[in-house]
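Here is the structure we will look at, set down as structure tokens.
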2 protein chains.
Amino acid sequence: MLSYNMVTIKDIAARLEVSASTVGRALADDPRISAAMKQKVAEVADEMGYVANRAARMMRGVSSNLIGLVVPDIRNSFYSTIAHALSQCLESADYQLTLSETDDDRQVELRQIRELTSANVAGIIIVPSARPHPDAVRLLKLTPHIQLLRKHSSIGEQWFGIDDTQAIYQATKHVVNRGHRRIAYIGGIAELPTGAGRLKGFRDALRSSEAPSNAVEELGPPSSMDFGRDALRRVLASSPRPTAVVTGSVQITQAVLEEIWATGVHVPEELSVVGFGDELGFRWWGPGLTTVSLPVSDLATACGLWFVHQLKLKTVRTSPYSSISPPTLIVRGSCRDHVETQSLSSPSRRAVG
Amino acid sequence: MLSYNMVTIKDIAARLEVSASTVGRALADDPRISAAMKQKVAEVADEMGYVANRAARMMRGVSSNLIGLVVPDIRNSFYSTIAHALSQCLESADYQLTLSETDDDRQVELRQIRELTSANVAGIIIVPSARPHPDAVRLLKLTPHIQLLRKHSSIGEQWFGIDDTQAIYQATKHVVNRGHRRIAYIGGIAELPTGAGRLKGFRDALRSSEAPSNAVEELGPPSSMDFGRDALRRVLASSPRPTAVVTGSVQITQAVLEEIWATGVHVPEELSVVGFGDELGFRWWGPGLTTVSLPVSDLATACGLWFVHQLKLKTVRTSPYSSISPPTLIVRGSCRDHVETQSLSSPSRRAVG
DNA sequence: TTGAAAGCGCTAACAG
DNA sequence: CTGTTAGCGCTTTCAA
């Protein structure tokens with residue numbers, strides 16, 4: 001290990017023949033210090049290449065400039081988008097982002113939160129797992145924190161998310177309006193707040209239609225491609241086979257697209273599809289994927305700005321605040337009108353371009 | 001700000017009626033402490049929910065358990081894959097990952113490295129920008145560090161990367177072998193080590209062919225979709241129009257795919273394409289994208305393991321070490337044989353499935 | 001307006 | 001095997 005002698009507050013004090021506290025205060029822009037002194041201190045500090053020792057500062061109770069981001073899996077584009085947006089707006093407020101992945105495992109989540117609190121982070125931005133560990137909840141209460149996307153009341157009432165119910169409601173309503181009656185939904189487990197909201201959106205949309213409809217629901221881990229693939233196979237095998245499928249997470253959507261592509265089912269002739277999220281590539285999947293687009297980046301930025309604002313007012317935050325962002329349905333070619341006497345015409349084919 | 005009374009080593013000491021140092025040593029598993037004592041301390045610590053104060057520990061000279069990851073943009077799947085892999089293997093070594101984005105801007109990069117060193121990070125894993133700032137290089141020398149993907153000798157000789165030259169060589173060779181002679185390459189600027197290597201691969205492959213060939217080279221920021229789109233348009237407009245295009249970064253590939261899809265050029269009839277990286281969705285793009293797959297996740301894991309190993313031996317590392325991972329060409333449908341008397345047959349079309 | 005001094009929680013030298 | 005003591009660099013009383 002390298003031993004590098006950082007220049008300390010004492011060094012500049014010695015050089016200027018003043019006390020350490022004077023230098024400390026000058027650096028902190030304390031009103032009691034004369035402008036002349038501040039000036040001199042600033043110059044010498046700069047000249048000697050002084051950098052504050054964060055550890056020492058932290059020990060004096062000042063929390064670090066670290067903000068912990070706790071997400072299931074950074075490879076999920078939702079979360080990498082969030083990480084990027086947060087990183088940007090936290091940086092400009094002089095905060096550093098630390099990354100913790102939970103893999104949606106409450107034990108891992110607890111460990112990570114333990115780590116973060118022991119590192120004295122200034123705050124935690126978390127996408128909580130389905131059922132966070134009580135100890136994790138307890139630890140979070142000791143640190144400023146905010147929930148993103150998923151919300152558990154046990155953790156708090158500070159939350160930025162999207163309207164999950166509305167998202168899937170729109171998606172489902174779209175196929176219902178186009179005449180589909182046997183509709184499958186493949187989405188995240190209802191134990192997750194997002195999963196529950198989306199499932200509700202699906203059911204609400206079906207209920208809102210006049211004609212009786214026939215739903216197939218497949219619920220599983222929202223980040224599991226394997227689950228998505230298997231679920232789609234089950235949906236295709238079920239009888240009567242659904243004429244439309246709505247997906248409830250990005251990963252599940254990707255898995256379903258892959259599987260449909262692999263099995264050779266024709267879209268939209270044999271099956272209509274509405275996806276979740278608008279990934280690069282969804283546009284060029286088959287006839288173009290009709291999907292629900294979510295303002296994840298804006299959401300994260302808003303969340304970051306607000307959180308930093310909260311941290312600045314060094315006040316205990318218990319007052320609830322929620323921000324719900326609306327989804328948008330993007331209609332492309334993966335859904336078509338369904339008529340009961342369905343004639344499977346020879347599929348119209350589509351070339352690149 | 002919340003005032004939360006963390007339980008300290010003293011609290012445990014008081015409870016057990018021993019000295020603080022005994023507890024400290026027991027917790028550190030010091031050989032001089034009796035097993036019985038360690039046992040008791042461990043129990044009480046656990047019971048009281050003791051978490052070590054990192055700030056205090058750091059002040060005693062021990063560096064933090066933070067490792068800084070410095071990348072251009074976490075939304076790039078290369079880097080999110082890397083972040084995930086590193087996060088996993090650093091976590092198991094009890095390190096925390098902090099995330100810094102540079103947007104390939106040397107000033108930002110310098111700022112981020114400043115931040116990291118002042119936060120006393122245990123080490124830095126960096127994908128350096130094209131021309132790192134001299135001060136950044138200087139700062140890096142003060143901290144254990146390793147380069148990922150891109151390598152600058154000024155920064156050091158510790159590097160994990162892929163064989164960029166080989167990657168593009170394979171891609172280019174593939175179309176050359178299929179008879180193409182007018183070939184375009186759209187890739188990152190040669191100022192980047194990766195850009196230079198890939199460009200070399202392109203040129204080497206062309207030179208290696210017997211028949212004379214005609215190259216078009218478009219170089220720009222590798223992470224700019226806009227550049228990719230514009231470059232492709234220029235390529236299509238050039239005369240004689242190339243019959244094949246090879247791309248040299250993930251983002252450029254994505255941009256090129258989008259643009260080809262948008263302009264309606266038929267692949268592979270009018271244009272053969274070889275991509276870079278194997279993103280989800282490349283499989284279902286048009287006739288399936290023939291592309292170079294790179295073992296990014298394994299690379300990052302290897303890098304993480306090795307770096308942690310280096311940190312454990314608390315020795316100054318100056319000895320060079322490089323690890324080069326090989327790419328793999330994945331052949332799908334986006335290239336076809338080229339014959340000079342090219343007959344543009346009516347395009348064979350492909351449906352989903 | 002500045003100084004002196006007391007710690008923050010932990011580790012490490014130096015005694016027992 | 002365990003206790004005492006002295007700081008690490010900084011902030012923050014309390015004095016001057």
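Naming convention: chains lettered A, B, ... in sequence-line order (proteins, then strands); numbering from 1 in each chain.
With salt bridges taken as basic N to acidic carboxylate O contacts below 4.0 Å, none links B/E109 and B/R131. Ion pairing between B/K38 and B/E43 fails under the 4.0 Å rule for side-chain N and carboxylate O. A salt bridge links B/R150 and B/D104; the closest N-O separation between the charged side-chain nitrogens and carboxylate oxygens is under 4.0 Å. In summary, A/E115 and B/R54 engage in a salt bridge, as defined by a charged side-chain N under 4.0 Å from a carboxylate O.
Of all the residues in residues 22-34 of chain B, B/T22, B/R25, B/R32, B/I33, B/S34 reach under 4.0 Å from DNA chain D with at least one non-hydrogen atom.
Here CG of B/N53 is found 10.5 Å from OG1 of A/T117. Values are rounded to the nearest 0.5 Å.
When all heavy atoms of A/P132 and A/R106 are compared, the pair lying nearest together is O-NH2, 3.7 Å.
Within 4.0 Å of B/M58, counting heavy atoms only, lies no atom of the nucleic acid at all.
A side-chain N or O of A/S19 and one of A/T22 form a donor-acceptor pair less than 3.5 Å apart. Side-chain contact check for B/E101 and A/H84: at least one donor-acceptor pair (N or O, by modelled atom type) lies under 3.5 Å.
Here C/dT2 presents its P atom at 15 Å from CD of A/E17, a figure rounded to the nearest Å.
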Under-3.5 Å N/O pairs linking protein and nucleotides 8-10 of chain C:
residue	atom	partner	partner atom	Å
C/dC8	O2	A/R60	NH1	3.4
C/dC10	OP1	B/Y50	OH	2.8
C/dC10	OP1	B/N53	N	3.4
C/dC10	OP2	B/I9	N	2.7

